[in-house]
K.L.:
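I'd like to ask some things about the structure below.
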Amino acid sequence: ETLMFLRSNVGRYLHGRAKQELDEAKEAMSKCNVDSLFGRRKYKKHQRKAEIASMFIRYCTDIITEGEISAQELENYRG
């Protein structure tokens, strides 16, 4: 089962770290003063971190879904 990855210690850790990064980046973004040049730069930096963490979470979801579909197709082919 492809969900075993997210249930494994490594999967839970990586997913948890990505969610933590995303939450921390969002929190940091909310504290930035976008009216100043320095604040806008900090905001963009944290925005990139949030995007990367979000992309990782989405990537994990996509590959798990694709794996489940492939496993089902293989089962149907064999069956």
K.L.:
Distance alone, cut at 3.5 Å: any donor-acceptor contact between the side chains of Glu68 and Gln72?
P.N.:
no

K.L.:
If I take atom NZ from residue Lys49 and atom CD from residue Glu21, how far apart are they, to the nearest 0.5 angstrom?
P.N.:
5.5 Å

K.L.:
Considering only heavy atoms from C-beta outward, does the side chain of Leu14 approach that of Phe56 to under 4.5 Å?
P.N.:
yes

K.L.:
Enter the distance from Tyr59:OH to Ser54:OG here, rounded to the nearest 0.5 Å.
P.N.:
15.0 Å

K.L.:
Can you see which heavy atom on Leu22 is nearest to which on Ala53, and at what distance?
P.N.:
N-CB, 3.9 Å

K.L.:
Give every donor-acceptor pair under 3.5 Å between a side-chain atom in residues 31-38 and any protein atom, sequence neighbours left out.
P.N.:
residue : atom : partner : partner atom : Å
Lys31   : NZ   : Glu27   : OE2          : 3.4
Asn33   : OD1  : Asp35   : N            : 3.0
Ser36   : OG   : Asn33   : O            : 3.3
Ser36   : OG   : Gly39   : N            : 2.9

K.L.:
Is atom CZ of Arg41 surrounded by more than 12 heavy atoms (other residues, nucleotides or ligands) closer than 6.0 Å?
P.N.:
no

K.L.:
Can you tell me if Thr65 uses its side chain to pair, donor with acceptor, with the backbone of Thr61 under 3.5 Å?
P.N.:
yes

K.L.:
When you group the ILVMFWY residues by side-chain heavy-atom contacts below 4.5 Å and let the links chain together, are Ile64 and Tyr13 in the same group?
P.N.:
yes

K.L.:
Could you point out which residue of His46, Arg40, Arg48 forms a side-chain contact (heavy atoms from CB on, under 4.5 Å) with Lys44?
P.N.:
Arg48

